[in-house]
Every structure is written in structure tokens, then in C-alpha cells.
Amino acid sequence: MDKINISLPDGSIRSYDAGVTGLDIARSISEGLARNVLAAKVDEMVWDATRPILRDASVTLLTWNDSEGKATLWHSSAHLMAEAIEQLYPGAKFGIGPDIETGFYYDIDLGERVISDEDFPLIEQRMKELASQKQAYLRREVSKADALDFFGKKGDEYKLELIQDLEDGQISFYESGSFTDLCRGPHLPDTSFIKAVKILSVAGAYWRGDEKRKQLTRLYGVTFPKQKELDDYLLMLEEAKKRDHRKLGKELEIFTFSQRVGSGLPLWLPKGADLRERLETFLKKEQRKAGYQQVITPHIGNVNLYKTSGHYEKYGADSFRPITTPQEGEEFFLKPMNCPHHCEIFSHKPHSYRDLPIRYAEFGTVYRYEQSGELHGLTRVRGFTQDDAHIFCTPEQVKDEFKGVMDIVMKIFKALDFNDYIVQISTRDPKNQSKYIGSEANWEKAERAIMEVAEERGLEAIVVPGEAAFYGPKMDFMVRDALGRKWQLGTIQVDYNLPERFELEYVGADNEKHRPVMIHRAPFGSMERFVAVLIEHCAGKFPLWLVPEQAIILPISDKYNDYAEKVLSLLQNSDIRASIDNRNEKTGKKIRDAELKRVPFMLIVGEKEASEGSVSVRKQGEGDLGTETVGAFAERINQEIRTMLGE
RNA sequence: GCCAUUGUAGCUCAGAGGUAGAGCACUUCCUUGGUAAGGAAGAGGUCAUGAGUUCAAGUCUCAUCAAUGGCUCCA
């Protein structure tokens, strides 16, 4: 038998008989490894651990610790679920069933039958039974004709359609137990690796994502090689639910919605408005330092403004219907963005190159029609406020301006304890240069500037070619919240389009007219989304400088209410936001309520404190910190805030 | 917008054809209590909205509105 050389990740090269499988290799290393091998990466392709390797290759054995290992287990689980469904609901037809970031789904046509979460345990039970039968996943290559024949007889039009799009000679089937599927693979050696099973949810999904086509039933599930991991995962989901900004926003009285006002139109409650105002003040201060000028523009704009900007053509049909004047029939749109207004401010007078860069900032409230099914808490709404600004500059200034914006973004992230963020730079599609507006030289300059700035700032940016808007490259900031979920927040975008459309100009040193470059930027993105993410990030425990109520004074009994009042006024003189809980309740009760309201400091006052002018400090989530004077406490928390804000 | 599920007190939820229930929150009283729930009483609801079936509708039917989970979309 021929020998082949297999190089392993540790650098070693071992010799095996041709036709050796990943599993064989694992066994030759250790039985323990063999028990955990889910798939094998053979020269960068993920293969079945049971697929014979015929020539020299570098091989990485994939386990649950590798993302490809997880993907393999989940993909195989999708087949397992399909097998269970086929047995439980004969006649089911199958669309696609891939693995996803966490778990897998399968799109199924169940005819008239409806699956609800009451059916989940039944499906889970059947999946576990089938898994324990240790069914092997058997790969076989089939001709297109045979593949069509197989699913034709089965009457599965979805698979037939998929096969039509495939090339003969590239088609493989996987068979496990009673279920055979069209599939590229790879798969687990057998089903016994799947130990813990959970069907998570059911939803409708259009066949091939096309809303004109039939809606299939999509079943989501997740599986694990150990029950413990499933338990941990479910616990994490519970935790995520507890942090949901919709729940916490209600509990902490940050915002609410009203059917009367309309869906997707958030109402900021006093505490939320208070918090938001503090965020805005913080940013305004930074912007003033960075040379921004505040501007204010109206909430509506003449239809011609959006015809000029090009938004009318592109989004007019998907916007709120225009507002018309009663006499003249003039049409106005609720403004969906601030940039056209800011362009008009720029052109209210001629500019010299000496004026640039000009930076117009506005907390501009915009209105966009979002489909009703898309609305979601504060993260997807129909009316929201962008912390918007537009920088008009020369192409040479783009780099410095980018730098300045990034500094602001970093400052915000630091002040809010977002330590885990991802920076994405979107550049042109190298294969299709024609769809972009703006000169080759300027694009080149801007893209390089963005990359250089990221590098100079020591940011690890992901560069995604082809993701740029047609009008310019951009940089987006995604933060991970405490549960590892990704959210897109701030954005910086270079724009060559609007200056063109609005015919913006400045006079250069050469006394000729030039076109400025425009940079759109919003470090928070929108106040609504940002606050939503902030709530989930900090689980409702806002940073001290932001929290609506920093301290609550808890008198032991009403004998000390007068002293509590004195403490309150001292704190207020030191700019600390505080209140008194003088309800006729026991201290334990007041503490519990304050803990649940997530007030950072509880100041307990009684006989001892009143006599010595002190407070007994309890920190939310941590407990008793001991006694200190009112002045010392106030100074301490103010110092803490200054540190946070980098002052 | 599409599919599914849901809508009962400020909040969390029970009630499934026979005049509306609980806990928490709220008000009053008793209690004056030292680091996560003291006791009692009271008040609070067109059962999302509108139509229908029925002697009788939170409860069954339909429509509308809204929310939730997905799909499609996102300047």
C-alpha cells in the first residue's frame, strides 16, 4: 500500500497508509483524542473525520474547541433533526438546514401542519433516541441524474431545485439512519457525539429568502456534546433575557411606548431623558474641544431637498408619505437624515480653503419608515436622534479628521467601559470599481488614510472589501456587550457624492473652485440604540457619572429624617444626584428596594451617623463599605467620576 | 410587509361560556425597626379596540391595533 505524509499542527510529519482517515490519525495519537474528533481539516478544507485521505496533506483534527468542530456538530444535528421530523411528520419536505453562529436550523414544508413549541419536547426526545443509536453519517457521491431521480421520487421539490443549480460531479448525499440528504458535508462520524438537544424556536422563513415564494417552517435548535454545556448555554440565555433593554428600560423607567403615539416612536421618561442629556452634554463638550460647531435644522424638508440629495429616488417610496401644504400643495418629507440640511448650511456663503475643515454637529432627530415587523425596542425605531456631524474638508485633511473622530469614539468607549469592540473598515470592491462615485485618486487617498489611522491608533481593524457605500469608504464600530453579542454603534463615512449633488465648493489657494470631501460621523450612532446597548452592556447598572440617581439616603427610622434632609442638601451642593427613602419601612426593606433599583450607593443614617455627621455607605451589589463623613463620600465619588471621564 | 404566537390592575401572571383573581407596587393605620421582603386594612380593571355567535362572552368567530420570535428590508 502507498504511504502518504501527513503534517500535523505541531509541526510533526507522520507517515500513514494512503486512505487513512482523520479518525485513524487521531487514534494513532490517543484514544481520548479519537473520542473527541468531530471533523478534520485537510489542506484548509473541512472534511469528514471518516473520509479517506489519499495524498500528502496537512491535517488538523477538529474538536468541540474549534469553531469548525462546532459547526460540524451543528450541521449534523440539523440532519438529525430532519430525520426526527421525517419520522414524526411523514411527508415533510426539506429546504436547507445549515449550522449558524450558535446551533442550526432546518427549513421545512410541513404542508398544512403547524408546529408549535409544545411539539419541541417530542422532537427533542426523538432526536436523542436517534442520536443514541450511533447512526453513521455515510457520504456518497451521486450523479446529477441520480440525485434528481431520488428526490423526484420522494417528491421534494425544494431539493430538486437546489440540485438543478449544482454541477454534475459535484453532488454528494449523506445518509444517516433513515434520512438521506443532499449535502456537501462535512459531518460527524456518527450521531453519538450529539448528547444534549434543545429545540429553541420556530419561525416562518421564505424559501430562498424571497418574500414572493412559499414560506417554510424554520425550526431552530442547538446541540452539545455534554449536557452541562447545554445547561450553561440555557443559563446564558436566561441571563441575556434579564439584561434585555426592553425589560430593564421599563423597570428603570428609562423609556416607554404608547399605542396611541404609535409604534416605533419611543417616549423618553424623565430618568431616561436625564441620562440621555448627560450623554449628549458629554459629547457636546468633547466636540466643542475638537472644533465642532452646533447647528440646528428643522424636522421636515422640502421634497426638492431630497431630490437633490438623491434620497428621494432611492428611498422615497419607503418613507413616510409626504406632508403637503393645504394651499399650495407643496410637499415636505420628515427628515430621514441630517446631511442634506447641513450641506445647505455649508453653502449659505462662499468658503475659502482657510475655513476648512468645517464641522457641523447636531443631535438631529430623524424619521424613517421601518416595516412594522422590524421594530424592536429602542434598537429599531421609526423616530430617533443621531449624534450627527458632517465635516467638510479637503481631500488632504481626511486623515486628520478621521483621527479626530476616532479619538472621540475612543473617549466615549473608555468613559462607558466598552473594552471589547471591533473596528470594521469597508473599502471598494476591487472587482467592480465602476459602481463607485468619486475619483480614483480620492478613494485611494481616503482608504489609505483610514487604514493608516487605524494602525497608528493601534486598532485591530477588519478590512472588508466591497462593503463600502457607493459614495465612499467607511469605518464602523461594533461593540460586544457583556454577553458577547455584537452591536453596531458608531460610524464614520467618507462621502464624495453629496458634495457633488449639492455642488459644494470652496476656493483654493490657487484661486480656483474645488469640491470639498464630506465626512459623516456618529460616535453613538443613535441615542436610542446606544442607550439600549448600554443598558444591556451594564445590565442596568449605569456608570456612576450617568446613572439618574447616584445615591439614596436611608434613614433607620423617621427620627432621622431631619438628618437625612441635611445630608441630602450637602450632597446636592456637591452635585451629587440623590434622594431620600423616608417611607415607613424597615431598613432591610429599603435596602432591598434600592438594590433592585440599582442605585449605586445607599447611605444609611441613624443615631450614630447623625451624631458624628457621617453616613454608613453600602455599595450596590457589593455591600457594606463602612462609615465616612458626608464630605469625604461626596469628594470620593466625584473623584471617581472625574477619573472615568478622563478629566 | 409576510408567517407564527401573544394582549386580563402600574409590574409579573392565574382564570378557558354564568357579573374579575393573586403577588409585588400604591394609600392609610399599627409598628420606630442597623445592611436584600414587619403586620393590618384599603383603593385600583370598558379583560387591547370594533363587530358577530349566544339567554349569557376575558373565555368562541372575524376584523383592526400593538407586542414577541423569525423572514424580507435598513440612507
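Order of the sequence lines fixes the chain letters, A, B, ..., with proteins taken first and strands second; residue numbering starts at 1 for each chain.
As the counterpart of B/C26, B/G42 is assigned, both hydrogen-bonding distances of the Watson-Crick or G-U wobble pattern falling under 3.5 Å. B/A20 makes up no base pair with any nucleotide shown, lacking Watson-Crick or G-U wobble contacts both under 3.5 Å. A 3.5 Å limit on both hydrogen-bonding distances identifies no Watson-Crick or G-U partner for B/U35. Pairing for B/G52 is with B/C60, a Watson-Crick or G-U wobble pair whose two hydrogen-bonding atom distances lie under 3.5 Å. Nucleotide B/U6 has B/A66 as its partner under the Watson-Crick or G-U criteria, with both atom distances under 3.5 Å.
The side-chain tip of A/Arg218 points at the ring of A/Tyr105 from less than 6.0 angstrom away and within 45° of straight on.
As judged by a 4.0 angstrom heavy-atom cut-off over every strand, A/Glu609 is placed among the base-contacting residues. Counting non-hydrogen atoms under 4.0 angstrom, A/Arg246 reaches the backbone sugars and phosphates but no base. When heavy atoms are screened at a 4.0 angstrom cut-off, A/Gly588 is found touching the sugar-phosphate backbone but no base atom. Residue contacts for A/Lys590: at a heavy-atom cut-off of 4.0 Å it reaches no nucleic acid atom on any strand shown. The residue A/Leu216 sits apart from the nucleic acid: no heavy atom pair falls under 4.0 Å. Within the 4.0 angstrom heavy-atom criterion, base atoms lie near A/Arg618. Residue A/Tyr220 is classed as a sugar-phosphate contact, given heavy-atom separations below 4.0 Å to backbone atoms only.
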Determine, step by step, whether A/Phe346 and A/Phe392 satisfy the ring-ring contact (aromatic ring centres under 6.0 Å, His included) criterion, reporting the C-alpha distance in whole Å, the side-chain angles of both residues, the deciding distance to 0.1 Å, and the verdict.
CA-CA 8 Å; A/Phe346 179 85; A/Phe392 302 86; 4.6 Å; yes

Apply ring-ring contact (aromatic ring centres under 6.0 Å, His included) to the pair A/Tyr471 and A/Tyr496, showing each step before the final yes or no.
CA-CA 5 Å; A/Tyr471 50 78; A/Tyr496 301 110; 9.2 Å; no

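Remark: A/His376 is not in phosphate contact with B/G70, judged by side-chain N or O atoms under 4.0 Å from OP1 or OP2. Within the structure, every side-chain polar atom (N or O) of A/Lys214 is placed at least 4.0 Å from both OP1 and OP2 of B/C2.
Atom P of B/G7 sits at a distance of 11 Å from the matching atom of B/U59, rounded to the whole Å.
Closest to the side chain of A/Ile604, out of B/G33, B/A67, B/U35, is B/U35. Taking the side chain of A/Lys559 as heavy atoms from C-beta on, and the options B/C73, B/U32, B/C71, the nearest nucleotide is B/U32.
Partners of A/His342 according to the side-chain hydrogen bond (donor to acceptor under 3.5 Å, both in side chains) rule, which considers only residues two or more places apart in sequence or in another chain, are A/Glu362, A/His390.
For A/Tyr312 and A/Tyr306, the ring centers sit 6.0 Å or farther from each other. Taking the six-membered ring wherever Trp is involved, the centroid distance between the rings of A/Phe633 and A/Phe601 falls below 6.0 Å.
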Give every pair of a protein N or O atom and an N or O atom of nucleotides 24-31 of chain B that lie under 3.5 Å apart, one pair per line with the distance.
residue: B/A25; atom: OP1; partner: A/Lys589; partner atom: NZ; Å: 2.4
residue: B/C30; atom: N4; partner: A/Asn584; partner atom: ND2; Å: 3.1
residue: B/U31; atom: N3; partner: A/Asn584; partner atom: OD1; Å: 3.2
residue: B/U31; atom: N3; partner: A/Asn584; partner atom: ND2; Å: 3.0
residue: B/U31; atom: O4; partner: A/Asn584; partner atom: OD1; Å: 3.3
residue: B/U31; atom: O4; partner: A/Asn584; partner atom: ND2; Å: 2.1

Are any protein N/O atoms closer than 3.5 Å to N/O atoms in nucleotides 64-66 of chain B? If there are, list each pair with its distance.
residue: B/C65; atom: O2'; partner: A/Gln259; partner atom: OE1; Å: 3.4

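For the 3.5 Å distance criterion, the side chains of A/Asn497 and A/Asp495 fail to qualify, holding no donor opposite an acceptor.
For A/Tyr560 against B/G33, a side-chain-to-base donor-acceptor contact under 3.5 Å is absent.
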